[in-house]
Amino acid sequence: MEFIRRSIINFKQYPHRLFYYGLRRNYCTKNGEAESEEWPRRVVTGLQPTGALHVGNYFGALRRCVRLQDTGDDLMIFIADLHSLTTHQNPQALQENSMELAALLLASGVDPERSVVFVQSAVARHAELCWLLACLATQARLAHLPQYKEKAATLKEVPLGLLLYPVLQAADVLVYGATHVAVGGDQAQHLQVAAQLVRTFRHRYGCQPFPTPRALLPDDGSDRIRSLRDPSKKMSKSDPDGKSRILLSDPDDVIALKIRKAVTDFTPQVTYEPDTRPGVSNLVTLHCLAAGLTAEEAVEEAAALTTAQYKQVVARALVAELAPLRERAADLRRRPRLLRDVLRAGAARARRRADAVYERVAAAVGLAPHAPPADRARAAR
Ligand code: ATP
Ligand code: MG
């Protein structure tokens with residue numbers, strides 16, 4: 001019945017497409033639910049190589065990848081160099097930053113045997129699928145997104161790439177048939193764009209070659225590290241105030257200094273009340289993440305301390321976590337060939353996975369076949 005109903009709708013709206021429908025059904029699935037037998041759980045995440053990383057990026061993204069990997073998730077991590085180009089980048093710095101990010105990922109514990117680690121631009125399918133999805137997206141919807149509006153408001157000439165950014169993000173995920181995306185809270189709306197594109201695809205072509213991806217948000221507060229200078233904002237690479245963030249490259253004494261200068265309030269006791277006391281609660285969160293404590297444990301440990309004394313405890317915990325990471329990353333940076341080999345092998349695995357999905361999409365939209373179908377067994381891992 002469903003097939004007949006859809007055929008009638010299809011025929012009324014797009015008579016020329018009906019001819020291809022039977023062919024497309026072989027390539028597409030109607031069951032778009034995330035994490036089913038048809039769509040085994042797969043997590044994708046991307047990180048932009050746009051400058052020095054801070055502890056927010058570490059706890060909210062890098063270490064989170066390691067946790068997901070260690071719980072056995074099928075994880076794909078890409079260095080989002082194409083996304084970086086939406087704002088002007090110095091070409092040499094962009095390359096350097098990509099290698100730095102690769103070093104930090106491995107230094108954090110990402111294992112390239114278990115997770116697929118690669119550079120986005122090395123897998124052309126991201127951009128190819130982006131084009132197909134861009135033809136389904138509307139300018140009005142994209143221009144309405146808060147992040148676009150915020151960024152566009154600061155520019156005289158708005159690059160088209162900035163508008164398309166969420167479409168490329170959708171392609172990054174859909175091209176691997178990913179069921180989940182490890183994102184920070186700031187990206188949740190962009191994921192809605194991906195879900196909308198999946199729906200539009202299904203309505204337009206009567207099939208669904210990828211599941212609807214869901215956000216995977218952490219429950220330990222690691223996606224909401226706040227600025228040390230203005231705790232109403234998140235810690236951010238692009239904040240003009242360098243003291244608002246602790247960089248992963250900061251030496252121990254700089255970490256201690258930045259924590260000492262962190263804005264709190266006039267109450268000396270340490271409590272965890274993110275809504276009413278965001279500054280001191282942010283320090284508790286950092287302490288918990290660095291030392292592996294719950295908020296209750298951290299507050300109990302700080303019961304006899306003033307906020308000023310507690311800052312020393314937080315700084316020590318951060319130094320204990322970040323100093324070894326800094327050294328491991330520096331070690332890896334001295335081995336560029338190893339980093340390149342890891343990224344090359346990761347890109348080859350990613351390409352095989354992307355080819356399998358892209359071919360289904362290309363067939364569904366009616367692109368003429370120009371390559372033999374990917375070897376499905378080979379593409380499975
Ligand atoms: P920008 O200000 O340029 O947007 P950013 O600091 O937000 O930079 P991104 O490159 O946008 O960094 O994000 C990289 C990853 O780090 C993303 O997964 C994002 O969700 C996460 N992330 C960014 N800021 C924080 C933060 N303050 N707390 C936790 N996670 C964060
Ligand atoms: Mg950001």
Side-chain angles (χ1 to χ4, degrees), residues 43-68 75-89 93-94 97-98 100-102 104-105 108 110 117 119-120 145-152 154-155 161-162 165-166 168-169 172-173 178 180-191 213 215-250 258 262 274 278-279 281-286 288-290 318 321-322:
V43 184
V44 168
T45 194
L47 295 151
Q48 284 197 63
T50 45
L53 265 60
H54 52 74
V55 279
N57 302 134
Y58 174 62
F59 289 124
L62 298 182
R63 207 179 68 169
R64 205 163 146 226
C65 288
V66 179
R67 299 263 153 105
L68 290 168
L75 181 64
M76 307 193 68
I77 308 166
F78 63 91
I79 296 171
D81 56 347
L82 294 178
H83 281 289
S84 304
L85 292 173
T86 48
T87 53
H88 176 69
Q89 303 292 327
L94 181 59
N97 287 338
S98 294
E100 179 71 31
L101 186 47
L104 279 166
L105 280 165
S108 304
V110 168
V117 187
V119 177
Q120 182 188 27
L145 292 167
Q147 278 202 20
Y148 171 77
K149 286 206 274 197
E150 261 169 46
K151 292 203 171 156
T154 64
L155 300 168
L162 202 59
Y165 190 105
L168 182 56
Q169 274 189 326
D172 296 334
V173 177
H180 293 84
V181 193
V183 282
D186 56 331
Q187 295 300 320
Q189 261 171 329
H190 288 179
L191 209 54
L216 206 56
L217 292 163
D219 53 10
D220 58 0
S222 63
D223 64 328
R224 291 185 303 272
I225 305 298
R226 294 166 182 276
S227 154
L228 297 179
R229 303 301 299 165
D230 176 359
S232 68
K233 297 194 299 194
K234 81 170 195 70
M235 188 178 284
S236 194
K237 276 185 214 151
S238 51
D239 192 319
D241 186 348
K243 290 207 181 63
S244 67
R245 57 186 168 264
I246 289 172
L247 299 180
L248 300 184
S249 55
D250 279 343
K258 286 180 177 174
S281 302
N282 193 38
L283 294 178
V284 174
T285 302
L286 286 171
C288 290
L289 290 168
L318 282 172
E321 177 76 10
L322 299 182

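When a ligand or atom number is given, it counts from 1 through the structure's own listing order.
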Visitor: Side-chain contact, heavy-atom cut-off 4.5 Å: Leu286 with Leu228?
Guide: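 Touching, per the 4.5 Å side-chain cut-off.
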Visitor: Is Arg245 close enough to touch ligand 1? Criterion: a residue heavy atom under 4.0 Å from a ligand atom.
Guide: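 Distance cut 4.0 Å: Arg245 fails for ligand 1.
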Visitor: Taking 4.0 angstrom as the limit and counting only heavy atoms of Gly60, give me the atoms of ligand 1 inside it, by number and element.
Guide: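 Within the 4.0 Å cut-off of Gly60, ligand 1 contributes 29 (C), 30 (N).
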Visitor: Side chain or backbone of Ser236 under 4.0 Å from ligand 1, or both, or neither, by non-hydrogen atoms?
Guide: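 Answer for Ser236: both.
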Visitor: For the residue pair Tyr58 and Glu321, establish whether any side-chain heavy-atom pair is separated by less than 4.5 Å.
Guide: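 In short, these two side chains touch, coming nearer than 4.5 Å.
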Visitor: Using a 3.5 Å distance criterion without hydrogens, assess whether the side chain of Arg63 forms a donor-acceptor pair with backbone atoms of Ser222.
Guide: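 Not confirmed, Arg63 side chain does not pair with Ser222 backbone.
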Visitor: Hey, which atoms in ligand 1 end up nearer than 4.0 Å to a heavy atom of Ala61?
Guide: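 Answer, ordered by atom number: 15 (C), 16 (O), 18 (O).
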Visitor: Measuring only between side-chain heavy atoms, which start at C-beta, is Leu94 closer than 4.5 Å to Pro49?
Guide: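 They are in contact (side-chain heavy atoms under 4.5 Å apart), so the answer is yes.
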Visitor: Is it the side chain (CB and beyond), the backbone, both or neither of His54 that lies under 4.0 Å from ligand 1, heavy atoms counted?
Guide: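 The side chain, only.
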Visitor: Could you say whether the N/O atoms of Lys237 and ligand 1 ever approach to under 3.5 Å?
Guide: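 Between Lys237 and ligand 1 (N or O atoms, distance only) the closest approach is under 3.5 Å.
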Visitor: Does any N/O atom on Asn57 come nearer than 3.5 Å to any N/O atom on ligand 1?
Guide: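 Among all N and O atoms of Asn57, at least one is under 3.5 Å from an N or O of ligand 1.
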Visitor: Atom CG in Leu75, atom OG1 in Thr45: separation rounded to 0.5 Å?
Guide: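 It comes to 7.5 Å.
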Visitor: Would you check if the side chain of Lys258 reaches a backbone N or O of Arg245 as a donor-acceptor pair within less than 3.5 Å?
Guide: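 At least one qualifying donor-acceptor pair exists.
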Visitor: Could you tell me whether some N/O pair between Met235 and ligand 1 is separated by less than 3.5 angstrom?
Guide: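 By distance alone, the answer is yes.
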Visitor: Looking at side-chain heavy atoms only, is the closest gap between Thr86 and Leu168 below 4.5 Å?
Guide: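 Thr86 vs Leu168: side chains apart.
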Visitor: With a 4.0 Å heavy-atom cut-off (strictly under), which part of Leu47 contacts ligand 1: side chain, backbone, both or neither?
Guide: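 Looking at Leu47 and ligand 1, just side chain atoms fall under 4.0 Å.
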Visitor: Find all atoms of ligand 1 within a distance of less than 4.0 Å from any non-hydrogen atom belonging to Lys234, and give their numbers and elements.
Guide: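 Within the 4.0 Å cut-off of Lys234, ligand 1 contributes 5 (P), 6 (O), 7 (O), 23 (C), 24 (N), 25 (C), 27 (N).
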Visitor: Return the set of residues passing salt bridge (Lys or Arg N to Asp or Glu O under 4.0 Å) with Arg229 (not counting sequence neighbours), or none when no residue passes.
Guide: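 Once residues adjacent in sequence are excluded, the partners of Arg229 under the salt bridge (Lys or Arg N to Asp or Glu O under 4.0 Å) criterion are Asp241.
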Visitor: Suppose I only count heavy atoms of Ser238 and a 4.0 Å limit; which atoms of ligand 1 are within that range?
Guide: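 Matching atoms, with element in brackets: 1 (P), 2 (O), 3 (O).
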Visitor: Report the residues that fulfil salt bridge (Lys or Arg N to Asp or Glu O under 4.0 Å) with Lys233, sequence neighbours left out, ordered by chain and then residue number.
Guide: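 Lys233 satisfies salt bridge (Lys or Arg N to Asp or Glu O under 4.0 Å) with Asp239 only.
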Visitor: Please confirm whether Ile225 comes within less than 3.5 Å of ligand 1 when only nitrogen or oxygen atoms on both sides are compared.
Guide: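 Yes, at least one N or O pair falls under 3.5 Å.
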Visitor: Side chain or backbone of Ala182 under 4.0 Å from ligand 1, or both, or neither, by non-hydrogen atoms?
Guide: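 It is neither part, as no heavy atom is under 4.0 Å.
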Visitor: Would you mind running through ligand 1 and noting each atom that sits below 4.0 Å from a heavy atom of Ser222?
Guide: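 It comes down to these atoms of ligand 1: 28 (N), 29 (C), 30 (N).
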